[in-house]
Amino acid sequence: MKLMTLRTLLAGAAGLALAAGLSAAPLKAETVLTVLTAGDQNMVDYVNEYLAPKFEAQNPGVKVRAAGTGPGDGGSQKIYEKLSAEAAAGAAKWDVDVAVIHQKMAGQMVQEKMLSAYVGDVKTGTLASRDSARNALGTDVTGYVLPMFHSQIALAYNPDLVKAPPKTYAELAEWVKANPKAFGYNGIKGGMSGVGFVTGWTAANIGDAARLEKGPYDAAMKPAIEKALSGLKEFNKSVTLTPGNAGTLDMLNRGEIAMGPVWVDMFYSWQADGRLNPAMKLQLIGPGMPGQPMYYAVPAKAANQEAARKFIELATSPEVQADGIVKRFNWYPGIDATYVQPKLDAQTWAKLFTDVKPDELASKGKPFPLSGYFTDIMEAYERTVAN
Amino acid sequence: MPTEAAGRPATLPRSRGGDGAPALPAARIVPDWLWGVLLVMPALAMVALFFLYPLGLSAVSAFQGRDGGWTLANVVKAFELYSLDMAFTLAIVLLSSALVAVLSVAIGGYLTLGENRLAVTLLRWLYRWPLFIPFIVAAQMMRSFLAKNGLMNNLLIGSGVIEPLQAASLLDWRGVVVTFVWKQTPFVALMVAGAMASLDRSTIEAARDLGAGRLRILGEIVVPQIRPTLTVGLILSFVTMLSVMSVPMMINPNSPTMITVDMAYRINAHGDYGVANALGFVSYAMAGLVGWFYLRHGVRQGGAR
């Protein structure tokens, strides 16, 4: 009796599982394109809500599945760890078809031969000619990546409280001395806008800033980096440390600080959503503040190489870059702006460059330092500024 | 349909003696102690697989370089960069535990000795709500509550208690302490109040008859009797607070901060599991110390009863 019941139960469970499996599985062998993206939730939303429906409409039988791995370099680190585990396990096919990653990890993944050189095979491959399409923090990534967009760090300020915003890091230091606690940033553990501010400070104070970006890496620079950062400890005493990228914008909006470094796209998106006072303005200070692209990459053993290429082709087409990247997200386009501008109305185009003019972006928009220097700067900060 | 008897496996040996010898219970064939071991095995396997193995792995990798060789570099770096944060972590958690102790005794005490029926009912209904709120949600709430222009200061300004210029942000170490205390007090208070409720009330009544005030009864009669429960509650809170990352991350991620934030940072920004594990090791040491108190206390308590 008991055995019978058990057997019946098991059979029932198996039947149920089979039914569930059948109903969950597609009716025919559909291709599922897996997109993993580092970055904030907005990146996942962008793929799921904007790119996926477009791509699925153009390619019947293909389903796009996107997942986010979290903001900052940590998100890219997770994608790297997943692929590297699959590589170590000797998997013939990796289950990530398109990866959206940061510069630091892109360089490492190219060096470890984890990406496929797909750029020559997509029609839009020639549309991105900025340096960042070929060089990721010192590593040659030509052919392996296409920028999804560029973003830039700039100082956001409240024009009611700051009539004449500083134009350089040196002026900012003076301003902070005169206005204690009115400047806020998020240190190096609360997000990339703080990290970018610190690397910009180092470049402004190190004498030979070009070496930080162009290399080659030289460990003997460490003392110079520590010296460049030494003034930041004093500076930090008169600033407000904020909890994160969003924290800086929050505090600016509540009037608790008058100025702070933020991502330009986040700034505009928050204004568009009504989460940030529309009167706030941006200032890109000299000698320069860093920005970075996010890259589209295809893992070396991605199961659906062909679909992945098609997907990236769509995502880097001038139409999608104009409508999706610039108009929807206030990002700077990943491909050259000359291809994007004809697809946009003048108003949207102007909005992108309201505070930060194109020539300013060209002269003061810097890349992050080489990844070796980048790590040195972060550790020097912890040693000399935070301790 | 097979009957019950047919369904049962017929392989159990019924007897080892000759004909007519009484059947021995099956258990005897397997020694009693083995049954005990078998029963404990699943639990032990879980502990070994999900606790001891990762613990060992992390301890080992704290002393391994990126090339796999043995090294002390991770530990040296952890102390060089984060010794301030270690002290900060310990200070925050100890201070929070102390405040939790005071508040939970106060709540438990009022529930036991309070005379205003309405107030007692209200408190009993109210005090445990933070238990149901995750740390991460609590941190987010505190972010808008404790900020300079946050709800708390707006209330104080609105009711004329402080001037707008006096408003200060509590989003630093104080914010972390406030969140921890707010979140952990109900947990300890729940245990303490339960222990207080189960006390023999005759001692309390006797003290009251002799004219002792409520505060004195609480301090000299009630608390000494529930001290074991209080200690256990505080130790569990200590370890919980030591492991929380969301609260310092969201309220005070800048230096000094708690070592959970540093661990996350080493892994996320640098992929540096070595230093993160070395920091984890420091965290084990702190938890281990109170764990030792807990066990010592538990053994003594078990022995007394």
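Per chain, numbering begins at 1; letters A, B, ... match sequence-line order. For the numbers below, each heavy atom of this structure counts, side chains included, while hydrogens, waters and symmetry mates do not.
- Contact of A269(B) with chain A is made through the backbone alone, with heavy-atom distances under 4.5 Å.
- Looking at T257(B), only its side chain comes within 4.5 Å of chain A, counting heavy atoms on both sides.
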Should S58(B) and Y284(B) be marked as a side-chain hydrogen bond (donor to acceptor under 3.5 Å, both in side chains) after you check the CA-CA gap, both sets of side-chain angles, and the distance that decides it? CA-CA 11 Å; S58(B) 123; Y284(B) 301 147; 2.7 Å; yes

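- Residue pairs that meet the side chain to side chain donor-acceptor pair (under 3.5 Å) test with at least one member in residues 247-258 of chain A, sequence neighbours left out, are T242(A)-T248(A), R254(A)-E256(A).
- L83(A) is listed as a side-chain neighbour of V96(A), based on a closest heavy-atom distance under 4.5 Å.
- In the displayed structure, E163(B) atom CD is contacted under 6.0 Å by at most 12 heavy atoms of other residues, nucleotides or ligands.
- E213(A) meets the salt bridge (Lys or Arg N to Asp or Glu O under 4.0 Å) test with no other residue; sequence neighbours excluded.
- Interface residue D85(B): only side-chain heavy atoms are found under 4.5 Å from chain A.
- Residues of residues 375-384 of chain A having a heavy atom under 4.5 Å from any heavy atom of chain B, listed by number: T375(A), M378(A), E379(A), E382(A), R383(A).
- Scanning for salt bridge (Lys or Arg N to Asp or Glu O under 4.0 Å) contacts around K237(A) gives E234(A), with sequence neighbours left out.
- Residue with the most contacts toward chain B among E81(A), K78(A), M251(A), M105(A): E81(A) (heavy-atom pairs, distance under 4.5 Å).
- Electrostatic pairing of E226(A) and K222(A) does not count as a salt bridge here, judged by no charged N lying under 4.0 Å from a carboxylate O.
- In this structure, K183(B) is positioned above the aromatic face of F135(B), its NZ or CZ under 6.0 Å from the six-membered ring centre and within 45° of the axis.
- Heavy-atom pairs under 4.5 Å with chain B peak, among T240(A), V385(A), N186(A), at N186(A).
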